[in-house]
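See below for the structure under consideration.
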Amino acid sequence: MKKFKILHITDLHLRHNGRLFYSTGKKINNGLILNGHNVLNISDRDITSQKKNIFDLGSKKFLLDQILKNIDNFKPDLILFGHVDRLDYESFLHIKEKYSSIKMAQWFLDPLNYHGPDFQKNKNRFFLKYQFCEANFVTTSVDVLDFANKDKTYFIPNPIDPSIDIYRNFKNTTSIDVFIAISHGQHRGILKRDYVDDRVKLINKLTNKISTNIFGYKSNPVWGQNFFNELSKCSMAINLSRGLPIKYYSSDRIASLMGNGLLTFINEKYEYNDFFNKNEIIFYKNINDLNKKILYFKNKPKLLKKIASNGCKKAHKIFNNKLISDFIVKKSMDLKIHNNLSWMDE
Amino acid sequence: MNKFLIFRTDRIGDYIFSRLLTEAIKKDNPKNTIDFVCSSYNSKYIKNFSDVKKIYILDKYDLSLMIKNIFKINNNNYDYLIILDGKRRSVFFSMFLKAKKKFVILKDFRPYLLLKIFFNKYFINSEVNSQFNNFSCVINYLDVKVPTKINYYNSYKFKKNKFVNLPSKFSLLHLDEKWFEGHYYDDFHYMSLNIKSFKLLIESIIKKFKKDIVLTSGKINIEQFDLIKKSYFKKINSNIFICKYFSKKVFFVDNTDFRDLENIVKYSNEVICCEGAISHVSNSFNIKTYALVNNFKTAKFWTSHMNNIKLVKRDNISNICRQISLI
């Protein structure tokens with residue numbers, strides 16, 4: 001495998017003091033290193049939050065200056081952007097014009113769903129980099145994005161990292177039935193006042209014949225190791241994402257649920273049946289179907305553990321961070337993909 | 001339904017490329033209306049497109065015309081004002097115009113303060129991306145779906161074809177001013193086309209395509225080309241000349257305007273030309289095109305979306321012949 005010098009610019013959450021040690025940026029970064037690439041990191045938001053200057057609002061100039069100095073010293077083959085919303089159009093153009101021989105790529109995790117939250121804002125954020133990147137990676141199927149060119153936009157699943165997603169709940173006797181975690185933004189950390197979205201409507205209609213461990217509704221979300229501690233108490237989980245379902249999009253939480261061995265329930269409209277079968281994940285049509293299936297598996301603990309185990313194994317196999325990072329690098333550097341998994345064609 | 005006003009005060013070739021936007025806007029909602037601000041020269045061409053509703057003339061800094069048009073335009077309550085030509089006069093003029101959203105594509109002229117005050121968004125027409133991608137980017141910000149292919153002529157009324165006497169199968173060689181030194185960019189490579197090398201060029205085109213050749217030219221009178229014309233061609237009617245020195249017939253069609261050229265391109269089997277408006281026209285008709293370019297990077301900027309184009313590096317005629325024969 002050819003090794004590259006990669007400048008990975010993404011939020012590494014240093015200012016969050018370990019609260020987000022399982023972030024997707026970190027998982028992709030680990031994957032890049034495990035694949036043997038020489039990776040240099042710039043944590044954009046940590047830089048801009050530490051360097052405040054009234055003459056440089058948002059520290060954009062400082063961030064650009066840091067990036068340019070890093071490129072000059074490191075001379076990367078690839079610059080990989082993970083969100084990086086603090087740079088503006090001029091800055092990206094400047095980087096691209098100055099270093100035209102260096103490939104640029106971005107990964108983008110937020111929903112690009114016309115019927116979802118912040119569509120216009122997210123589309124603009126994505127598009128800002130899209131126009132300068134040789135390859136773009138999104139967690140929504142490219143089939144449903146009519147603004148992105150399929151020749152340079154690719155689907156990636158939310159990565160599972162075997163060094164982070166280490167729990168195997170199906171092996172344990174758990175005290176609570178269902179784990180649900182939602183938030184109003186991982187950077188924010190706490191809930192917004194008087195903000196209610198569709199996910200809450202579903203939570204309110206859940207059967208009361210089960211025990212639940214719910215975070216992000218009525219109680220603040222849990223982060224850091226507490227997230228994994230709470231998740232470990234449960235045998236099942238409902239994967240909830242904001243907005244109407246769109247093909248393949250999911251909150252990155254799905255990686256934690258499946259990757260740590262919980263029996264995961266997902267709305268069938270996300271079309272995850274392209275990756276998993278009914279012996280690996282549970283698809284539901286609506287709230288009645290969901291309640292019925294949760295109660296069914298509550299009463300069939302052996303089957304529950306079996307399916308959770310199958311799902312966990314499959315998810316670790318096909319959503320592995322090494323594979324996803326390798327896919328990102330190969331597509332960005334225009335190299336042939338040898339290990340062709342189902343999601344790679346999407 | 002939205003009302004769009006697009007500035008395109010430069011050349012016809014540039015307008016043609018803007019059809020990408022026009023097509024996308026109309027396809028998104030046929031009720032959308034599109035008006036253009038353009039030069040009086042271009043207006044004669046643009047009026048042949050049925051999807052362009054109104055045309056406003058902006059010739060250089062014609063202040064009286066500008067003032068007259070300001071009132072007309074501001075009465076129309078445009079939703080989007082889009083400057084595609086990046087001209088200073090367009091930016092200046094649009095500062096006085098009302099529109100819900102104003103976008104501008106710029107090249108080297110970048111008045112940042114004015115852009116921040118008077119425009120919602122600006123784009124740099126940089127060669128880091130192709131022109132197709134740059135325009136696609138603007139289209140995306142209009143919330144309109146980007147077309148994958150340009151068809152310039154969906155709503156176009158072609159001129160009546162007056163060249164019915166030309167052969168049914170022919171290769172088109174378009175010899176405009178871009179072939180001749182002193183009539184185009186000084187820093188370009190030129191082909192030293194003269195009476196002697198013209199013979200070599202024609203022979204190699206015949207050898208490659210085995211068809212009659214139709215020759216056309218641009219609007220500028222060029223001494224070298226007049227010499228070629230006098231040496232090889234004989235007039236057969238008011239604007240068609242013929243040459244019988246070669247194994248196939250070579251016709252020269254004189255006094256053609258751009259709309260005539262579109263017709264000739266439309267009926268040709270292949271086109272050999274310098275990269276520009278003609279190669280964009282031939283691409284739209286999906287006709288195989290051999291386009292002479294000064295450097296491949298700049299050429300890719302204009303041609304990246306074209307499927308049926310072969311790029312030939314500008315060089316002396318014998319090297320051009322060699323390149324064409326090898327493609």
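Throughout, protein chains are lettered first and strands after them, A, B, ... in sequence-line order, and every chain is numbered starting at 1.
- For B/Asp143, the parts sitting under 4.5 Å from any heavy atom of chain A are the backbone and the side chain alike.
- Contacts with chain B were tallied for A/Glu90, A/Glu97, A/Lys96, A/Lys123; A/Glu90 has the most, counting heavy-atom pairs under 4.5 Å.
- Of all heavy-atom pairs between A/Tyr89 and B/Tyr122, the closest is CE2-O, 3.8 Å.
- Here OG of B/Ser126 is found 7.0 Å from CZ of A/Phe132. Values are rounded to the nearest 0.5 Å.
- Applying the 6.0 Å contact sphere to NZ of B/Lys145 captures no more than 12 heavy atoms from other residues, nucleotides or ligands.
- For A/Lys60, the NZ atom sits in a loose shell: 12 or fewer heavy atoms of surrounding residues, nucleotides or ligands are nearer than 6.0 Å.
- Of the inter-residue distances, the one linking A/Phe92 atom CZ with B/Ile124 atom CD1 reads 15.0 Å to the nearest 0.5 angstrom.
- Within 6.0 Å of NZ in B/Lys3 there are more than 12 heavy atoms belonging to other residues, nucleotides or ligands.
- Within the 4.5 angstrom heavy-atom criterion, atoms from both the backbone and the side chain of A/Asn124 approach chain B.
- Counting heavy atoms of neighbouring residues, nucleotides and ligands inside a 6.0 Å radius, atom NZ of B/Lys107 exceeds 12 of them.
- Heavy-atom neighbours of B/Arg11 CZ from other residues, nucleotides or ligands within 6.0 Å: at or below the threshold of 12.
- For B/Asn140, the parts sitting under 4.5 Å from any heavy atom of chain A are the backbone and the side chain alike.
- Only the side chain of B/Tyr112 comes within contact range of chain A, with at least one heavy atom under 4.5 Å from a heavy atom of that chain.
- Dense packing is recorded around CG of A/Asp72, with more than 12 heavy atoms of other residues, nucleotides or ligands lying under 6.0 Å away.
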